**Student:** 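Dropping the structure in here first, questions after.
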Amino acid sequence: MSVRTLQRCMAADGQSVRGLIRSPRLQALHRELCDPRLSEHSIGALAVKRCFTDASYLNHHFHATYGMAPSDVRRRSSRGPRLPRLIRANIAELKSSSQLGQRGSLLLI
């Protein structure tokens, strides 16, 4: 099958050949940005590993796919899981109460 025939088939499905190649690379990069074990690697280094050498190209397609920049994904994943609102409120209340130790850590009762 020729490249032109493949391109016509992909266009009929709404996928371009570039999009078909780019999609798994973006997915892999997204997974790596969320992986805390890879947090010491720069976003640029992870992007180059996935063959994204143009930052504006990467940012454009990453944002179009995930609705946020790669740096936002990294920032959100570094926060860790969010506690439910009620638990956060209880922790804040305990911190302000007299149940704090000398160093400000919670005492287990």
Side-chain angles (χ1 to χ4, degrees):
M1 181 182 301
S2 74
V3 172
R4 289 192 189 272
T5 305
L6 182 60
Q7 286 175 334
R8 275 188 240 122
C9 291
M10 295 297 183
D13 277 345
Q15 268 283 20
S16 67
V17 173
R18 285 183 179 178
L20 197 64
I21 294 168
R22 184 177 50 242
S23 182
R25 291 170 41 217
L26 284 172
Q27 291 170 1
L29 179 60
H30 187 274
R31 277 192 310 274
E32 290 174 349
L33 291 172
C34 293
D35 189 343
R37 296 171 296 179
L38 300 174
S39 62
E40 70 275 359
H41 297 285
S42 71
I43 294 172
L46 294 173
V48 167
K49 179 181 164 189
R50 296 292 169 193
C51 300
F52 291 109
T53 56
D54 182 348
S56 64
Y57 177 87
L58 168 64
N59 286 330
H60 171 77
H61 289 288
F62 196 94
H63 194 277
T65 302
Y66 295 106
M68 61 182 76
S71 58
D72 295 334
V73 170
R74 162 85 36 105
R75 197 173 307 112
R76 283 185 176 197
S77 67
S78 68
R79 289 187 203 157
R82 302 262 320 174
L83 294 173
R85 186 178 309 167
L86 182 59
I87 294 173
R88 287 194 313 265
N90 288 338
I91 290 173
E93 184 180 324
L94 285 173
K95 283 183 177 181
S96 66
S97 75
S98 62
Q99 296 181 5
L100 292 174
Q102 288 180 335
R103 291 185 175 167
S105 59
L106 293 174
L107 297 174
L108 297 176
I109 301 174

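For the numbers below, each heavy atom of this structure counts, side chains included, while hydrogens, waters and symmetry mates do not. Model, not experiment: these values are computed from the prediction.
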**Student:** Could you tell me whether a side-chain N or O of T65 sits under 3.5 Å from a main-chain N or O of L26, the two making a donor and an acceptor?
**Tutor:**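 No, because the side chain of T65 does not come within donor-acceptor range (under 3.5 Å) of the backbone of L26.
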**Student:** For Y66, which residues count as a ring-ring contact (aromatic ring centres under 6.0 Å, His included) partner, sequence neighbours excluded?
**Tutor:**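 H30, F62.
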**Student:** Taking atom OG of S39 and atom CZ of R74, what is their separation to the nearest 0.5 Å?
**Tutor:**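 Interatomic distance, S39 OG to R74 CZ, rounded to 0.5 Å: 6.5 Å.
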**Student:** Would you mind writing out the side-chain donor-acceptor pairs for residues 51-60 within the sub-3.5 Å range, not counting sequence neighbours?
**Tutor:**
| from | atom 1 | to | atom 2 | distance (Å) |
| --- | --- | --- | --- | --- |
| D54 | OD1 | S56 | N | 3.1 |
| D54 | OD1 | S56 | OG | 3.0 |
| Y57 | OH | R22 | NH1 | 2.9 |
| N59 | ND2 | A55 | O | 3.2 |

**Student:** Side chains of L29 and R25: does their closest heavy-atom pair fall under 4.5 Å?
**Tutor:**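 They are not in contact (no side-chain heavy atoms under 4.5 Å apart), so the answer is no.
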**Student:** Using distance only, find each side-chain donor-acceptor pair of residues 40-49 under 3.5 Å and give its atom names and separation, not counting sequence neighbours.
**Tutor:**
| from | atom 1 | to | atom 2 | distance (Å) |
| --- | --- | --- | --- | --- |
| S42 | OG | A45 | N | 3.0 |
| K49 | NZ | E32 | OE2 | 3.1 |

**Student:** Quick test of your reading: applying salt bridge (Lys or Arg N to Asp or Glu O under 4.0 Å), list the pairs with at least one residue in residues 56-70, sequence neighbours left out, ordered by first then second residue.
**Tutor:**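 Those involving residues 56-70 do not exist here.
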**Student:** Which atoms form the tightest heavy-atom contact between H63 and A69, and what is the distance?
**Tutor:**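 Smallest heavy-atom distance, with atoms named: CD2-N, 3.8 Å.
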**Student:** Where do V73 and C34 land on the side-chain contact (heavy atoms from CB on, under 4.5 Å) test, with the steps shown first?
**Tutor:** CA-CA 7 Å; V73 170; C34 293; 3.6 Å; yes
